[in-house]
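No hydrogens, no waters, no symmetry mates; every other heavy atom, side chains included, goes into these values. Just so we're clear, the structure is a prediction, and the values are computed from it rather than from any experiment.
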Amino acid sequence: MIDAEVDSAIDAPPPCTAPTAFGAEASFDVEPGATGLSLALGKLDAGATLDVAIAIGTDVVILHGDGTGVFANPTKLGSVAGQVLIDDFDTDARDDLILVQVGGSKVAIRRQSPAGTFLAEQPLAGPFTNLHRALVGQLDGNVRPDLYIEDDVERRIWTSGALTPGSFLRENTTIGVAGDQLLSIEQIDRAQRDETVLVDGSGNVKLSINSTAAPKTIATGATGRGAAFGKFNGDMFPDLVIATAAGGVLFFQDPANPGTFVMQAGLIPEVTGDSLQVLDVNGDGTDDIITPTRIVLQCPGAPATFTQVEGFNAKQPSLFADVNGNGKPDLLRLEGGTLKVRLQ
């Protein structure tokens, strides 16, 4: 069953699942007059708590977290970037930064030192032309995170170098055609390598198995970048939801043919907008759907049933993560030069 209706009191009792428990929104200054363009979470100093890196175009600012959901002591890195990614790219157990000069021609890594500071930029060799974005994933089957980088010319894999810490090797593998945008890197078929997902200007969602096969269209009609993966039919394989002008459409993955998706009848009326996120927001063991303006909760014990909707501001750029250590995902989003945080 696919159904949804909005009720400001969650649902007339009894609701199908527990509501979320977000508190009031707290604000933390990033940079006066700036516009936050991208954010990512990681351990970015010598402490054990999560910090947030924010790209503002002209610089990257780190706000240091105290483990309770408070972020303070903004630190500028002096690197121009419109997108920031975080992972342990040199496998030394410390988080590093990938900085993408969106609209420019530079992608660089800044590795974290044992003291919790960041070393000088190590630019990738390029060349790059009007950079759009980069994504992180396991693209060559080893344990080091790799990159997919998209610019005006192509979408190309860069694998982590085994011999030189923090280096990347430009691979021959490109994916997609002109007009395709990198959407996400996912583990779809439960094999070793991640899959790459793209979307084009006509709303076609495309999947590249193992991030090397020619992309095949698995869904059509998505609004903008409104597509995401989650578990909606009770099995272990990720399914797909897309946002259309009329509502959300589900595509179940066929476990007998991994990477093949079957469109389901019906709509989830409140799943609209140009971006989607999927995660278990309320801790009931089922994946929920987050649009820019609402959370659509899946009912446990009744796969693909959505009858409980909460109004919510998750406009991009935003992300969910447990920043206060209570096991529940919290919301972090950017609004101008301010970081907004809502804890559960």
Side-chain angles (χ1 to χ4, degrees), residues 30-31 36-67 71-128 131-151 156-171 173 182 185 194 211 317 319 321 323 332 339:
V30 178
E31 175 70 5
L37 303 173
S38 170
L39 75 166
L41 277 170
K43 295 179 181 179
L44 304 177
D45 55 29
T49 55
L50 288 172
D51 313 299
V52 58
I54 301 164
I56 61 173
T58 56
D59 210 329
V60 175
V61 180
I62 293 177
L63 288 181
H64 300 272
D66 67 356
F71 294 89
N73 302 319
T75 302
K76 292 183 179 181
L77 294 186
S79 288
V80 174
Q83 183 191 14
V84 57
L85 302 168
I86 294 176
D87 211 321
D88 180 10
F89 293 100
D90 56 6
T91 62
D92 66 353
R94 289 182 289 271
D95 284 337
D96 309 303
L97 304 175
I98 292 292
L99 307 176
V100 182
Q101 190 183 74
V102 176
S105 58
K106 184 169 70 173
V107 178
I109 181 172
R110 290 196 65 173
R111 298 166 53 214
Q112 188 174 176
S113 74
T117 59
F118 285 89
L119 305 177
E121 292 182 1
Q122 295 174 240
L124 278 65
F128 302 109
L131 284 156
H132 299 177
R133 63 186 58 83
L135 298 175
V136 176
Q138 294 286 346
L139 301 175
D140 63 357
N142 63 27
V143 297
R144 296 180 302 275
D146 309 303
L147 296 174
Y148 240 128
I149 300 175
E150 175 191 330
D151 66 4
R156 182 179 294 274
I157 286 179
W158 294 71
T159 54
S160 296
L163 299 180
T164 304
S167 66
F168 289 88
L169 306 176
R170 185 179 189 269
E171 300 293 343
T173 305
L182 292 175
I185 293 178
D194 289 342
S211 297
L319 57 80
V323 297
L332 294 86
L339 173 68

Validation row: L131, I149 side chains within 4.5 angstrom (heavy atoms) = yes

Could you tell me the separation between the CD1 atom of I54 and the OG atom of S38, rounded to the nearest 0.5 Å?
-> 9.5 Å

Side chain Q83, main chain V102, donor-acceptor under 3.5 Å = no

Supply the atom-to-atom distance D151 CG to Q101 CD, rounded to the nearest 0.5 angstrom.
-> 12.5 Å

Taking the side chain as every heavy atom from C-beta outward, state whether F168 and V107 have any pair of such atoms under 4.5 Å apart.
-> no

Check L182 against L135 and note the closest heavy-atom contact, atom names and distance.
-> CB-CD1, 3.7 Å

Closest non-hydrogen atoms of V136 and P145, given as atom of the first, atom of the second and distance, are CG1-CB, 3.7 Å

Looking only at heavy atoms, what is the nearest atom pair of P317 and G36, with distance?
-> CG-O, 3.9 Å

Of all heavy-atom pairs linking L97 and L77, the shortest is CD1-CD1, 3.3 Å

Closest non-hydrogen atom pair, G166 against D90 | N-CB, 3.6 Å

When rounded to the nearest 0.5 Å, the distance separating CG of L169 from CG of L147 is 11.0 Å

Can you spot which of Y148, F89, F128 makes a ring pair (Phe, Tyr, Trp, His ring centres under 6.0 Å) with W158?
-> F128

For the side chain of D194 and the backbone of G137, is there at least one donor-acceptor N/O pair under 3.5 Å apart?
-> no

Roughly how far apart are L39 CG and I86 CD1, rounded to 0.5 Å?
-> 8.5 Å

Please tabulate, for side-chain N and O atoms in residues 119-126, each donor-acceptor pair with protein atoms closer than 3.5 Å (sequence neighbours left out).
{"from": "E121", "atom 1": "OE1", "to": "K106", "atom 2": "NZ", "distance (Å)": "2.8"}
{"from": "E121", "atom 1": "OE2", "to": "S79", "atom 2": "OG", "distance (Å)": "2.7"}

For residues 53-65, pull every pair meeting side-chain hydrogen bond (donor to acceptor under 3.5 Å, both in side chains), keeping only residues two or more places apart or in separate chains.
-> D45-H64, H64-T75

From the list V52, L50, I62, side chain to side chain contact (heavy atoms under 4.5 Å, CB included) partner of L44 resolves to I62

Which atom pair, heavy atoms only, marks the closest approach of A81 to V60?
-> CB-CG2, 3.7 Å

Hey, what do you get for CD (E171) to OG1 (T159), rounding to the nearest 0.5 Å?
-> 3.5 Å

Could you walk me through whether D96 and D88 pass the side-chain contact (heavy atoms from CB on, under 4.5 Å) test, one step at a time?
-> CA-CA 5 Å; D96 309 303; D88 180 10; 3.6 Å; yes

How far does CD of Q112 sit from NZ of K43, to the nearest 0.5 angstrom?
-> 10.5 Å

